[in-house]
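A note on names: the letters A, B, ... follow the listed sequences, proteins ahead of strands, and every chain is numbered from 1. As a basis for the values below, the full set of heavy atoms in this structure was taken, side chains included, without hydrogen atoms, waters or symmetry mates. As the structure is a prediction and not an experimental result, all values here were calculated from the model.
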There are 2 protein chains.
Amino acid sequence: MDDYIAQRSLTRLDESLLTHIPPFSLLSHEQIREILDQATVRRYGEGITVFNEGDPADRFFMVLDGYIRVVRVTPAGEQIISLHIPSGQLFGIARAIGRETYPATAITASEAIILSWPTTVWDHFVVSYPGFSSETYKILGLRMGELNMRVVEMATQQVEQRVANTLLRLVNQTGRKVADGIEVDFSITRQDLSEMTATTLHTISRLLSAWEKHGLVKSRRKHIVVSNPQGLVALARDHG
Amino acid sequence: MDDYIAQRSLTRLDESLLTHIPPFSLLSHEQIREILDQATVRRYGEGITVFNEGDPADRFFMVLDGYIRVVRVTPAGEQIISLHIPSGQLFGIARAIGRETYPATAITASEAIILSWPTTVWDHFVVSYPGFSSETYKILGLRMGELNMRVVEMATQQVEQRVANTLLRLVNQTGRKVADGIEVDFSITRQDLSEMTATTLHTISRLLSAWEKHGLVKSRRKHIVVSNPQGLVALARDHG
DNA sequence: TATAAACTTTGCGCTAGCACAACCTTTGTT
DNA sequence: AACAAAGGTTGTGCTAGCGCAAAGTTTATA
């Protein structure tokens, strides 16, 4: 975050940006005004690191537009993708779980607009804004649920089922309707998918080719469209 | 929890039970008194289900003595062990993450003494007892860290390394010093270990046999003693 | 418009570790 | 003391999916 550049908009941020986002939805216009006035906005290109695992957690963030990819790197240098965060969600909330440093690295998965606040205002937010803390912890709960599901899947399912499930989750959570199905809403490579499912890009490539042959998906470079979700669900269920 | 039997002790619970346990350590004697007076105590035998995944989360719990094993069961009936909770920790705190039901099943891994409170007092605890909420979320953060570590391990390590790491973590967190090393402090079968590491009891048996031959561990039925932690650490590091 | 860089496909051989199977040992029960 | 039940060991064959390799395609850069 050495190159962090605060870029408050020349025009003030519009309050309607936050009014429908859960952690803020119970608040008055005045409160949202306060919150926005303390925020820093920044636009990021794709593939930019927002913060690194282990950095002191001196800010917390919210995705206004775009997607964040949360990754961890092993001592051996292997990367694994932990999570994708869609717009409207907070991230980098190490403070909420009593951490002084970020537990993982956050990278933009697409162009993105990110709000951030200094961690020092966290406690103020928690006590002053009703619903902020409970909504935040709900999100934390959802992420724990995802992690748990991931562990169970990796422990019990074959590669093909894991990849099918991951892809389905991806289009459910971040899918965009297109002519011939639902498309993952950000650039995604074979390598990325392999880092989400604990396999190799080669295996992913083979799977996608096979699925395409059976009319389940359509993929081009960095794009994946699920054209037959039903079929994928069947694959994910029926043992192989 | 059909067979749940409230058993408040005849003599009141001693305040010193809680004074040194983090979520309560900042509180006055009066406050701890209040908390204990609202608690229900129960002694469980080994292998007893405290609550099931999906049950309405109408109570939250604390391990006073013994260990809790948190498990999840797949639709196909395979069981995987998510976590072990040692004495002094809260569990079943679905409420903290905005859930109405328990996300996993809790079973005693040893004889255990468990305190519990109705979920309805949760909010009262959070607002009335300083440090309660932050300490609780710290624990949540630690558990998330464990889950993450688990995902990374399963994604990147060989079975032997995973099992070595898991065993090391087990003796670090719940180890008891014995004559010839450090022993896992509760009954643990090959099957259990396999459900923690996503492998089979057969593979675990072979690994333990091999390790015993090399003087790293000593195991009898339901007992595992790590006699050479250094050696295990080396195994866990050096790729195989 | 050539060249490089990033991403993808496909083939082939190998092996970690699983499935299956049989048997052994310890502990609990009648 | 006999039997059952739970837990543990060990052998054998098989295969999912990885490692390695080579080549194709698309996009970015000079």
Contacts of type ring pair (Phe, Tyr, Trp, His ring centres under 6.0 Å), residue F60(B), not counting sequence neighbours: W117(B), W122(B), F125(B)
Parallel, tilted or perpendicular: rings of F186(A) and Y67(A) (30°, 60°): tilted
Aromatic ring pairing F61(B)/Y102(B), orientation class (parallel under 30°, perpendicular over 60°, tilted between): tilted
Closest approach of L232(B) to L216(B) (non-hydrogen atoms, all atoms of both residues): N-CD2, 4.0 Å
Closest to side chain of Q158(B), choosing from dG17(C), dG8(D), dT26(D): dG17(C)
Does a side chain donor of either [X] or [Y] reach within less than 3.5 Å of an acceptor in the other side chain?
X	Y	value
T40(A)	R59(A)	yes
R99(A)	T101(A)	yes
N148(B)	S82(A)	yes

Under 3.5 Å donor-acceptor pair, R221(B) side-chain atoms to dT26(C) base atoms: yes
For atom [atom1] of [X] and atom [atom2] of [N], their distance in whole Å:
X	N	atom1	atom2	result
L208(B)	dG7(D)	CG	P	15 Å
Q157(A)	dC18(C)	CD	P	16 Å
R162(B)	dA16(C)	CZ	P	14 Å
I224(A)	dC7(C)	CD1	P	13 Å
E46(B)	dT27(C)	CD	P	14 Å

Residues in contact with DNA chain D, drawn from residues 182-206 of chain B - heavy-atom cutoff 4.0 Å: T189(B), R190(B), H202(B), S205(B), R206(B)
Global bending angle along the helix from dT1(C)-dA30(D) to dT30(C)-dA1(D), which compares the axes of five pairs at either end, to 10 degrees: 40°
side-chain N/O S209(B) vs dG8(D) OP1/OP2, d < 4.0 Å: no
Test side-chain contact (heavy atoms from CB on, under 4.5 Å) applied to Q157(A) and V152(A), T197(A), N165(A), the passing residue: N165(A)
